[in-house]
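Please read the structure below before turning to the comments.
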Amino acid sequence: MLSFFKDLLEYPFLVNAVLAAVLAAVAAGLTGSLVVVRRSTYLAGAVSHSVLAGLGLARLLQRRFGVQWLTPMGGAALVAVAVALLLARLTARGRHRSDTVLSAVWTGGMALGVSFVAATPGYQDDLMSYLFGSILLVSGSDLLWMAALNAVIIAAMLLCYNRFLAIAFDEGLARLRGVNTALYETVYHLLAALTVVLLVRVTGIVLAVALLTLPAAAAGLLARRLDHMMVLAAAIGIAVGVGGLAVSYTPGLPPGATIVELALAVYLLAALVGRRFARG
Amino acid sequence: MLQTSPAVEVRDVCFAYGDQEVLHNVSFSIARRELVAIVGPNGGGKTTLLRLLLGELQPRFGSVRVFGELPAVSKRRVGYVPQAIPFDPRFPVSVREVVLMGRVAKARLGIFGKADHTAAEEALAKVGMSGFAGRAFAEISGGERQRVMIAQALAGGSEMLFFDEPVANVDSKHASQLYNLFKELTSEGVTVLMVSHNLGVVTVHATQILCVNRTAGLHAIGDLASQTFTEAFGGSLTAIRHDSDCHVLDPSSAMHAPHHGQERGAR
C-alpha cells in the first residue's frame, strides 16, 4: 500500500485513477443518496446494465464501419439518457409496473450489448473492461469529461434539492403544493443516468450500482438530513475509492472490485455503529 | 368579493367512477372559520368529496368552488393532512425541512429564502412545535409528526385544512390537544374540514357536521336530536335530526332523482 503512494508521485496514470475515483465518488454521493432514500436502486441497475448496448454499438460502429465520432462512453451516455427518459415516462404515476419495466430495460440492454460485441471484429478485451471497469486506464480527456458531468450534477442538485426532497418525502403532497413533479422526475432520472455513466468508467457496469448505493446507504445510517447524507456519502466514496486503489495496487487485485468490497465493509460497519440511530 | 365568498360551495354535484355513481346531487356551502366534521359510512363518498374539493377529481355534473375559485386554482390555499404519511422512518429529514416543503413550489430557483424560513418558524410556533425545528422527523412521535404536517400546510399559506381521520393514530391526550389546536386555528381564520368516524368526539368539537352518504347534508351542531341513525352507520351512535332534504337515512330514492346540475362540458 505504501508503494502505491510512492508510485503516485511517479506515474501519471495513478494520479488519473485517483482523480477519477474522487470525481466518481462525488457524483455517486449526491445522486446515490437520492436513489437510496427513494428506494430506486433498481433504476440504477437497469440504467447501468442497459448502457452495455451503447458501449457495444459504438465499438461496433468504430471497428466495422469506421465511425469515429461516437466513442464508447458517448454511446453509453446516449443510451443512458434515452433509457432515463423512457423510464421516467413509463413509470410516472404508476402507469406501468416499474419493476417490470426496469427488468425489461436491464436485460434487453445487456442482450443488445452482447450481440453488438459479438458482431464486432477483433479481440474482445473491451467486454471485460466494460463490465468491471478500467480505472487504471482513465485518460486526461476522460477526466475532463467526468469533471464536466460532475459540474452538471452538482449544479442540478443545488437547484433541485428542495423539490427532490419534497418529492422523495411524499410525491402526492409535493404535487398538491404545486411542484411540477413530472418535470423533476425526468431531471432525477437524467441525473441518475449520467451518474451511472460516470461510474461505469471506474467500476464497470456490474459494480456501478454498488458505488452508487453502498456509500450512500452507509451515510444514510449515520446522517439525519439528506444534504448531510450526500456529503458524507461523497466522503465515504472518496475514502473507499482511493483506499481501494491503494489496497489493490501492490498485490495486483482488480481495483473496481476492491473499491466495492471496501464500500461494503464500510456499509456493514455503519450498520453496526448506526443502529442506535434507527427507530422502530 | 373573494373575501365574502364561502370557503366551500358545492352545487348539484354528481360524481361517478365509471358507471358507479358515488355522489349524487350534492349541494352545501361552508362558511369560513368553521370546524366541519365529515361523517358517513365507508364507501359513502367522503374521500371522493375531499378529492373533488382538492381538484384531484372533476365533478360530472354541477360545480365546486373553494374560496370562490375552481379547486385547481384554489388548491394552493388548501392544505391536506393525510391520515397516515407514507413515511419511511429512516428518511433523513429535519422537522424544519418538512415544514419548508409547504413552500417548495414558491421558492425562487428552488432555494428557500428568509421569508420562507420565517413562515416555517411561525407555522411551527402556531402548532406548538417551535423547539422541534432541528429535530429529525423520524425521531418525533406520531402526534408530533401530525402537528408538523399541519405546520407544513400553514407555512404554505393554507387557509383551509383537510384532515382524513386526524385522531386515528394518536392517543386521547394528543387528540384533545389536536382539537384545541383546530379551535385556535379556526379562531385565527382557518377553515377546518375533517373526516372522522368518532361521532362522540365530533359532536363535542365540530361546529358543523356534514353527513355524506351518496348524498350530503350539512347540519349545525345544534340540530342534535334524540333519534339514532343506526341504519346509516350501524350500532347506536349520536343522533342528528335531519332536514327533509337530507337523504342520509335512505339514499336509495335520492340516488334516482334526476341530475340537478349541468353536465361538465355541456356549456
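Keep in mind the model is a prediction, meaning the values are calculated, not measured. All chains are named by letter (A, B, ...) in the order of the sequence lines, taking the proteins before the strands, and each is independently numbered beginning at 1.
For CZ of A:Arg89, the number of neighbouring non-hydrogen atoms (other residues, nucleotides, ligands) closer than 6.0 Å is 12 at most. Surrounding OH of B:Tyr179 are more than 12 heavy atoms belonging to other residues, nucleotides or ligands, all under 6.0 Å away. The number of heavy atoms from other shown groups lying within 6.0 Å of OH (A:Tyr42) does not exceed 12. For CD of B:Glu188, the number of neighbouring non-hydrogen atoms (other residues, nucleotides, ligands) closer than 6.0 Å is greater than 12.
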- Starting from the C-alpha separation in whole Å, work towards a yes-or-no answer on side-chain contact (heavy atoms from CB on, under 4.5 Å) for B:Arg135 and A:Arg224. CA-CA 9 Å; B:Arg135 297 274 295 275; A:Arg224 294 165 186 217; over 6 Å; no
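Contact count versus chain B (heavy atoms, under 4.5 Å) is highest, among A:Val179, A:Asn180, A:Asp227, for A:Val179. With chain A as partner, the option from B:Ala153, B:Gly157, B:Ala136, B:Gly102 having the largest number of non-hydrogen pairs under 4.5 angstrom is B:Gly102.
The ring-ring contact (aromatic ring centres under 6.0 Å, His included) pairs that include a residue from residues 88-109 of chain B are A:Phe169-B:Phe91, where partners are two or more places apart or lie in different chains.
In this structure, the portion of B:Val78 lying under 4.5 Å from any heavy atom of chain A is its backbone and not its side chain. The parts of A:Ala168 that come within reach of chain B are both its backbone and its side chain, each placing non-hydrogen atoms under 4.5 angstrom from that chain.
Going from atom CD of B:Glu97 over to atom CG of A:Leu226 covers 7.5 Å, rounded to the nearest 0.5 Å. Rounding to the nearest 0.5 angstrom, the gap separating the CZ atom in A:Arg177 from the CD atom in B:Gln152 is 6.5 Å. How far CZ of A:Arg163 is from CD1 of B:Ile111: 9.5 Å, rounded to the nearest 0.5 Å. Atom CZ of B:Arg90 is separated from atom CE of A:Met229 by 11.0 Å, given to the nearest 0.5 angstrom.
A donor-acceptor pair under 3.5 Å is formed between the side chain of A:Asn162 and the backbone N or O of B:Gly110.
Side-chain contact between B:Val93 and A:Arg225 is absent, with no heavy atoms from C-beta onward closer than 4.5 Å.
Listed here is the closest heavy atom pair of A:Leu176 and B:Glu56: CD1-OE2, 3.7 Å.
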